[in-house]
Amino acid sequence: MNRSQKDPGFGSRNKKPTPTKTPTYYSHPEVDRILVSLYPDENERQAIQVVLKSIVSKQHYKAARRDSDDYVDPESVMEHCWIPAENFAHLLTRTGYKITMDWLVEHQILDESSFTSALARHPTYRLRKREWLRGYRHIPVTSHKVLKRIETYGNYRLRHFPTIEQIVIPHIIENFHSIDLDHAGFMRLWQWRYRTKYEPKMRQQAAQNPRKRVLTWWEYMQRGEEIWLSIKAWNDASDTEKLQWFSTCSFGHRLHHPFTYWPSEIRAYILDRRGEPLSLIEMDLANSQPFIYANTILKSRPELSKAANRERYCRLKKSEFVKQVEAHTIYEDVARRLGITRDEAKVETLHWMYSMADSKAQALFEKHYGEVGVEARRIKSEVTDADGNLLRFLSRHKQLPKMMQRAESAMFKEIWVELIKQGHVVLPVHDAVYCANVKTKTKQQEIRTIFKKGVKKHMRLWHHIREEVMDRCVEIDMFPELYLSTVECITIHSY
């Protein structure tokens, strides 16, 4: 495909759609027998099975998204999932959706729970039996009526994303089509990750904190199984179905999609729509969290005059914390002050930055970095957030990370869109940019220039860009015994 022009991607009026996979529905022998007796009409039954497929995917998705550094209860895959009614109003109508879900609960296909927000009570669902999360198939939808409704919903959902996401999401779906791993290959990669990354890191943390829970080999493998099912679902999904995997959060305005929570090693195995492997270069900011933190602290205060803001900015700019951030030595400086290692200092610095206003960590922050710490405490203690919402005392310290995430999101989204407009293939991941098939120095320099301009527009401090080439993990070939252990793991945890 010619990348010299902006790729209009999915849903474009200027481009003939690329043939894609047919949407599929959930099929399990035991569930199918119940549904056939309840819904003899094929169109109605396939529409309901599409809904069930989304619930199953969401259950695996919730289990896979959990932080792999923390203990994961094997029952987490059986957590209830919230799916907004408008997601399936196109299939069952808004009223019909609730009636159908109640009917499925009554006939013991689904379990129902709920949570309550400030606006309403929201029902949540899960499959009733754990066995139904294994041994199922995804079968192509044959009902023309259901296919038409799915297509209509895809166009509706894309239009309701913010403007920038309407450019970025189709670009991701069009260019990052599938993952070049089978089950055996992924589990060997996952076990290599446990041995080389997770276990050494967590043993070190457990030595410092005896209460730290370290996952056993089998628990970690259980997490890998959920992630694999999530990857397989992406590989099997049609373009319209993949739209359901994207969301933007109200907290930090971040764009979330599978590549933001899958293991980073997966990004080296991405294939394009033609089945060709993509070579990715990662570009991000060195020490990004302290960097954005310092920029947020330097932001002007609207209640102060222009002269007062200028004087305040100059004073904070000369502070020791800001100097160390600009020199990219903030973690080394904290390590020197506390007499600890750099890795320990990184954990401690982040603890200071995000602690509550009246905590001991905040007091230490102010002791070592003076006015920057005091300014951080002021923001953490605000009674209302940037949206004017009243904050509970325990939630006030979240105001600063909220400001940081929104500033970071606004900056990176502009960078992503500019790169796409210039014809580059871009995979956005929160605070980084992955550019595909950068084969010439001229192209690499063009990407670097766009990145620097975007950062300079939003941030006031001098910054350093970190670049890294994503390579496939050749080390897993050195461990031919790894997958045998996985088979044993599956046998032990089979359900």
Side-chain angles (χ1 to χ4, degrees), residues 1-12 14-24 138 140 167-190 192 227-228 230-243 245-246 255 257-284 416-417 419-429 432-448 450-451 467-477:
M1 183 183 294
N2 183 7
R3 301 291 178 189
S4 61
Q5 301 177 358
K6 173 187 169 185
D7 179 9
F10 177 83
S12 169
N14 304 320
K15 173 185 173 184
K16 185 176 180 181
T18 308
T20 60
K21 297 178 181 177
T22 303
T24 57
H138 287 162
I167 298 173
V168 176
I169 292 174
H171 179 84
I172 297 173
I173 293 175
E174 175 67 26
N175 293 288
F176 301 92
H177 190 251
S178 58
I179 308 300
D180 187 23
L181 283 171
D182 59 11
H183 181 251
F186 171 76
M187 294 308 295
R188 289 176 65 192
L189 176 65
W190 186 246
W192 170 86
I227 295 177
W228 162 249
S230 178
I231 292 171
K232 185 176 184 300
W234 175 269
N235 287 347
D236 294 342
S238 66
D239 285 359
T240 304
E241 290 175 308
K242 286 177 180 177
L243 284 172
W245 296 60
F246 292 82
L255 174 63
H257 53 82
F259 297 102
T260 62
Y261 70 85
W262 283 340
S264 58
E265 292 84 0
I266 291 297
R267 297 164 196 161
Y269 294 84
I270 300 175
L271 301 178
D272 63 16
R273 192 173 291 279
R274 296 168 296 180
E276 298 293 330
L278 295 174
S279 175
L280 297 179
I281 294 180
E282 177 190 7
M283 301 185 74
D284 64 3
W416 302 338
V417 170
L419 287 169
I420 292 172
K421 286 181 178 179
Q422 297 301 321
H424 299 285
V425 179
V426 177
L427 177 64
V429 180
V433 176
Y434 290 81
C435 297
N437 298 335
V438 183
K439 298 179 180 178
T440 64
K441 290 185 177 180
T442 302
K443 196 171 184 180
Q444 187 171 358
Q445 183 58 43
E446 181 182 343
I447 293 170
R448 192 180 294 118
I450 293 173
F451 193 99
E467 299 181 19
E468 181 181 353
V469 177
M470 300 298 296
D471 292 321
R472 296 196 174 195
C473 181
V474 297
E475 289 91 340
I476 62 173
D477 294 331

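The basis for the numbers below is simple: all heavy atoms, side chains too, and nothing from hydrogens, waters or symmetry mates.
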- Would you check, one step at a time, whether the test side chain to side chain contact (heavy atoms under 4.5 Å, CB included) holds for Asp236 with Thr24? CA-CA 8 Å; Asp236 294 342; Thr24 57; 5.7 Å; no
- Message: Is there a side chain to side chain contact (heavy atoms under 4.5 Å, CB included) between Val429 and Arg267? Walk through the geometry before answering.
- Response: CA-CA 11 Å; Val429 180; Arg267 297 164 196 161; 3.5 Å; yes
- Query: Angle class for the Phe259/Trp262 ring planes (parallel below 30°, perpendicular above 60°, tilted otherwise)?
  - Reply: perpendicular
- Provide the closest heavy-atom pair for Leu278 versus Asn175 in the form atom of the first, atom of the second, distance. CD1-O, 3.4 Å
- Query: For the atom pair NE2 (His424) and CD1 (Ile447), what is the distance rounded to the nearest 0.5 Å?
  - Reply: 4.5 Å
- Is there a donor-acceptor pair under 3.5 Å between the side chain of His257 and the backbone N or O of Pro428? yes
- Query: Rounded to the nearest 0.5 Å, how far does CG of Leu181 lie from CD1 of Ile270?
  - Reply: 10.5 Å
- Query: Where the side chain of His138 meets the backbone of Ala233, is there a donor-acceptor pair that is under 3.5 Å apart?
  - Reply: no
- Message: Show the nearest heavy-atom pair for residues Lys242 and His177, with the distance to one decimal.
- Response: NZ-O, 2.7 Å
- Do Trp234 and Phe176 have ring centroids that are under 6.0 Å from one another? no
- Task: Kindly give the heavy-atom pair with the smallest separation between Phe451 and Asp284, and that separation in Å.
- Result: CZ-CA, 3.9 Å
- Item | Rounded distance [0.5 Å steps], CD1 in Ile169 versus CG in Asp239 | 13.0 Å
- Message: How long is the straight-line distance from CG of Asp180 back to CG of Asn235, given to the nearest 0.5 Å?
- Response: 9.0 Å
- Please name the residue in the list Trp192, Phe186, Trp190 that meets the side-chain contact (heavy atoms from CB on, under 4.5 Å) test with Glu265. Trp192
- Please report the closest heavy-atom contact between Glu241 and Thr22, naming both atoms and the distance. OE1-O, 4.4 Å
- Quick one: list whatever passes side-chain hydrogen bond (donor to acceptor under 3.5 Å, both in side chains) with Glu468, sequence neighbours left out. Arg466
- Residue pair His171 / Val426: nearest heavy atoms and the distance that separates them: NE2-N, 2.9 Å
- Between Trp245 and Ser230, the two heavy atoms sitting closest are CH2-O, 3.2 Å
- Note on the structure: Rounding to 0.5 Å, atoms CD (Glu446) and CG (Leu419) come to a distance of 8.5 Å
- Query: Which is it for Ile179 and Ile266 under the side chain to side chain contact (heavy atoms under 4.5 Å, CB included) test, yes or no, and what are the steps along the way?
  - Reply: CA-CA 7 Å; Ile179 308 300; Ile266 291 297; 3.8 Å; yes
- Message: Rounded at 0.5 Å granularity, tell me how far CD1 in Ile281 sits from CG in Asn437.
- Response: 9.5 Å
- Query: Can you check side chain to side chain contact (heavy atoms under 4.5 Å, CB included) on Gln445 and Thr440, steps first, answer last?
  - Reply: CA-CA 9 Å; Gln445 183 58 43; Thr440 64; over 6 Å; no
